[in-house]
Every structure is written in structure tokens, then in C-alpha cells.
Enquirer: 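I am attaching a structure below and will ask some questions about it afterwards.
Along the sequence shown, residues are numbered consecutively beginning with 1.
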Amino acid sequence: MEFLAIIPARYASTRFPGKPLAVIGGKPMVRHVYERVSSVFADCFVATDDERIQRAVEDFGGRCIMTDSGHRSGTDRCAEALRTAREITGKKYDVVVNIQGDEPFLEVSHLAAIKELFEDRETEIGTLVRRFGPQEDIGDPNSPKVVLSTGGFALYFSRAPIPYIRDREVRPAGEETYYKHIGLYAYRSEVLEKITGLPPGRLEQAESLEQLRWLENGYRIKVAQVAGETLAVDTPEDLEKVNRIYRKGC
């Protein structure tokens, strides 16, 4: 089975312009992500709409695909990058993996876990979850929650705590099991091409969660449970925190 790993990377960001090029330990953040991803996937590309990011990636020996600047999401950018990567490599690619470009400490084990999901022929789309820890705020709308079927498929994603425990206050994560969504996706290539043609759904617009569009249209999302948290860089303050962690690790 041929896998294609894509790291969507935009320069424009409301809270942190130029984020993929932010320096961590002397290297741009996108390089940290690329090196971890390429240790698992033979074919890895950064997909961007900005020449500054393209130059940075090519300067460290990475591969980059220039994409349209009008894409609504990283999923749409991945679909365009898939078509270009096929032309560059001559490969068909069975599965496309969409990796966030702002998680420099991405766990290699998470990449392996999402790859393993596609050993099941029923898997159309794959993603990851982990259990909320006892000290985490399950009411935080910036941490989407997931409920799962007994077969390991996502039933629903929400910014609200789910499941709702009737007649009781929301209990801490140590007393109830709540699953946090980790925003790493993989798609069968033919499924990726279909879902990017779907109009925004009612549930997606209500929750502002793209994956609800896929569920609303009948696609199934297989889920792997993993341990460990990824640390995303959304603001300059996050970058300072990541650099402190990096220095301690060194």
C-alpha cells in the first residue's frame, strides 16, 4: 500500500503570521515536523501557497508542492497536492495522510497508529483520539470531543462535553471517560477526492468542525486510541513555551 504524507503549511495566520517558519532550536518549525513525518513515510511533501515556505523547505532538502491560495481547509490543499505528487512521482497512492504543520513534537507513534488503521479494508478515513486526563478541562471548546462505536468508529464530534451525563453535573475526566480528538487525518485517495467536493454541512457549520461534513454525508471515520499529547503552536507565546521545552530536552 502506497502512502502519501502531506503537511499543509500556510504563511498567513491571524494570530501568528509566518508560523511554519518560526524557529525552534535553530530550525524552522516546519522542518521539525517534516523530519518526524519522513521517518515514517517514504513520500512526504509540504503543501503551501507561499514562496517563503517553499524556499525554506527546499533549503533543508525537503520536498514542497505549491498549491492554490484559495483553499478552505488543509483537506482541500491535500487533494490538490495529491494530484501534483502523482505527476511528480508517477505513483498512484492509496492513502493520503494530512499532518498538522504546527506540532513540532509530533509523536512518531501517532503516525504509525494512523497508518495501521488502513490495514482494515473498511477504513475510509482515519483519525486519532486520546483520553482526557483528570486535570484537563473537558468543557474547553478548543478541544473537540469524540464519542465512539463499539467497532472503533467515530459517532460524533463536538466542542461540547459528550456524552452528556443526564441528571448529573459534568464529572472530571478522571471519573468519566471522555475522548479528545487529535487533528491528524488520513483518507483513501478516492475518498479524499469525493469529500473535497461536498458542500459545507449543517452540523459542520454549527460546530465549526470539518469532519462532521463527512459523517453527515455517510462516510465512516475509523479511530485509533493513542497516549500522549501533541503540543500545537498557535501563538508567539506557544512558541516561547515550545522553545523552553526543546532546550530542556537538549
Enquirer: Is it the case that the side chain of R131 and the backbone of K180 share a donor-acceptor pair, with hydrogens and angles ignored and the cut-off at 3.5 Å?
Expert: no
Enquirer: Quick test of your reading of the model: are D234 and K19 salt-bridged, counting only N-O distances below 4.0 Å?
Expert: yes
Enquirer: Between the side chains of Y219 and Q211, does any donor sit under 3.5 Å from an acceptor?
Expert: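 Absent: no donor and acceptor within the cut-off.
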Enquirer: Any chance the rings of W214 and F157 have centres within less than 6.0 Å?
Expert: no
Enquirer: CZ of R202: more than 12 outside heavy atoms within 6.0 angstrom?
Expert: no
Enquirer: Has the side chain of T235 got a donor or acceptor atom that lies under 3.5 Å from a matching backbone atom of D238?
Expert: yes
Enquirer: May I have the step-by-step check of side-chain contact (heavy atoms from CB on, under 4.5 Å) for V226 and E107, ending in yes or no?
Expert: CA-CA 10 Å; V226 297; E107 295 278 355; over 6 Å; no
Enquirer: Sub-3.5 Å donor-acceptor pair from the side chain of E80 to the main-chain atoms of D68, do we have one?
Expert: yes
Enquirer: E204 side chain to L209 main-chain N or O, any donor-acceptor pair under 3.5 Å?
Expert: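 Absent.
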Enquirer: Do S73 and E210 get their side chains close enough for a donor-acceptor pair, meaning under 3.5 Å?
Expert: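 Yes.
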Enquirer: Check whether any side-chain heavy atom of R52 sits under 4.5 Å from a side-chain heavy atom of L21, and report yes or no.
Expert: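 In short, these two side chains touch, coming nearer than 4.5 Å.
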Enquirer: What are the two closest heavy atoms between A154 and L148, and how far apart are they?
Expert: CA-CD2, 4.1 Å
Enquirer: Quick one: does S158's side chain have a donor or acceptor within less than 3.5 Å of a partner on I162's backbone?
Expert: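 No; judged by distance alone, with no hydrogens or angles, the pair does not exist.
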Enquirer: Quick one: are Y156 and L212 in side-chain contact, heavy atoms under 4.5 Å?
Expert: yes
Enquirer: To the nearest 0.5 Å, how far apart are CG in D50 and OG in S69?
Expert: 10.0 Å
Enquirer: Considering residues at least two apart in sequence or located in another chain, which fulfil the side-chain hydrogen bond (donor to acceptor under 3.5 Å, both in side chains) criterion with S189?
Expert: none
Enquirer: Does the side chain of Y11 come within less than 4.5 Å of P20's, by heavy atoms?
Expert: no
Enquirer: Taking atom types as modelled and ignoring hydrogens, do the side chains of Q54 and T48 form a donor-acceptor contact shorter than 3.5 angstrom?
Expert: no
Enquirer: Going by an N to O cut-off under 4.0 Å, is there a salt bridge joining E122 and K222?
Expert: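 No, E122 and K222 are not salt-bridged.
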Enquirer: Is the closest side-chain heavy-atom distance between V33 and I99 below 4.5 Å?
Expert: yes
Enquirer: Check for me, please, whether L231 and V108 land in the same ILVMFWY cluster - side-chain distances under 4.5 Å, paths through other members count.
Expert: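 In one cluster with L231: V108, no.
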Enquirer: Can you tell me how far apart OH (Y187) and OG1 (T196) are? Round to the nearest 0.5 Å.
Expert: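 It comes to 9.5 Å.
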Enquirer: Taking the side chain as every heavy atom from C-beta outward, state whether P104 and Y246 have any atom pair closer than 4.5 Å.
Expert: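 Side chain of P104 against side chain of Y246, heavy atoms only: no contact under 4.5 Å found.
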Enquirer: Grab the two heavy atoms, one from Y34 and one from I7, that are nearest each other, plus how far apart they are.
Expert: CA-CD1, 3.7 Å
Enquirer: Quick check against the 3.5 Å criterion: does S149 have a side-chain atom that pairs as donor or acceptor with the backbone of G151?
Expert: yes
Enquirer: Which atom names give the shortest non-hydrogen contact between Y178 and P163, and what distance separates them?
Expert: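 Heavy atoms of Y178 and P163 come nearest at CE2-O, 3.7 Å.
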Enquirer: Taking the side chain from K145 and the backbone from Y179, do they hold a donor-acceptor pair closer than 3.5 Å?
Expert: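 A pair under 3.5 Å: no.
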Enquirer: In the structure I gave you, are the side-chain heavy atoms of I182 and T127 within less than 4.5 Å of one another anywhere?
Expert: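 In short, these two side chains do not touch, never coming nearer than 4.5 Å.
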Enquirer: Does any part of the side chain of I65, heavy atoms only, come nearer than 4.5 Å to the side chain of V46, both counted from C-beta?
Expert: no
Enquirer: Looking at E51, I want to see if its CD is surrounded by more than 12 non-hydrogen atoms of other residues, nucleotides or ligands under 6.0 Å.
Expert: no
Enquirer: With rounding to the nearest 0.5 Å, note down the distance linking CZ in R10 to CZ in R77.
Expert: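 Output value for this atom pair is 6.5 Å.
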Enquirer: Taking only residues two or more places apart in sequence, or in another chain, which ones meet Q100 in a side-chain contact (heavy atoms from CB on, under 4.5 Å)?
Expert: D102, E103
Enquirer: What's the spacing between F153 CZ and T123 OG1 if we round to 0.5 Å?
Expert: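 One gets 5.5 Å once the value is rounded to the nearest 0.5 Å.
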Enquirer: Would you call the rings of Y185 and H181 parallel, tilted or perpendicular, where under 30° means parallel and over 60° means perpendicular?
Expert: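 If you compare the ring of Y185 with that of H181, the planes turn out tilted.
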Enquirer: Got a donor-acceptor contact below 3.5 angstrom from the E216 side chain to the L203 backbone?
Expert: yes
Enquirer: Could you tell me whether the side chain of V23 reaches within less than 4.5 Å of the side chain of P28, counting heavy atoms only?
Expert: no
Enquirer: Please name the pair of heavy atoms, one in C64 and one in F45, separated by the smallest distance, quoted to 0.1 Å.
Expert: N-CD2, 4.1 Å
Enquirer: To the nearest 0.5 Å, how far apart are CD1 in I114 and CZ in F118?
Expert: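 The CD1 atom of I114 sits 6.5 Å away from the CZ atom of F118.
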Enquirer: Do the side chains of E193 and R86 get close enough for a salt bridge, i.e. N-O under 4.0 angstrom?
Expert: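 Result for this pair is yes, salt bridge flagged.
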Enquirer: Considering only residues two or more places apart or on different chains, which pairs with a residue in residues 34-47 satisfy salt bridge (Lys or Arg N to Asp or Glu O under 4.0 Å)?
Expert: K27-E35, R31-E35, D43-R63, D43-K91
Enquirer: Treating H110 as the side-chain partner and A227 as the backbone partner, does any N or O pair qualify as donor plus acceptor under 3.5 Å?
Expert: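 Judged by distance alone, yes, a pair lies under 3.5 Å.
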Enquirer: Linking I/L/V/M/F/W/Y whenever their side-chain heavy atoms sit closer than 4.5 Å, directly or via other members, would M1 and L4 fall into one cluster?
Expert: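 No, M1 does not connect to L4 through the hydrophobic network.
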Enquirer: Between D49 and T67, what is the shortest heavy-atom contact and its length?
Expert: CB-O, 3.4 Å
Enquirer: Ring centres of F105 and H32 under 6.0 Å apart?
Expert: no
Enquirer: Rounded to the nearest 0.5 Å, what's the gap from CG on L215 to CZ on R220? Could you check?
Expert: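 L215 atom CG to R220 atom CZ measures 10.5 Å (nearest 0.5 Å).
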Enquirer: May I ask you to decide whether E136 forms a salt bridge with R130, counting only side-chain N to carboxylate O separations under 4.0 Å?
Expert: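 Yes, this pair counts.
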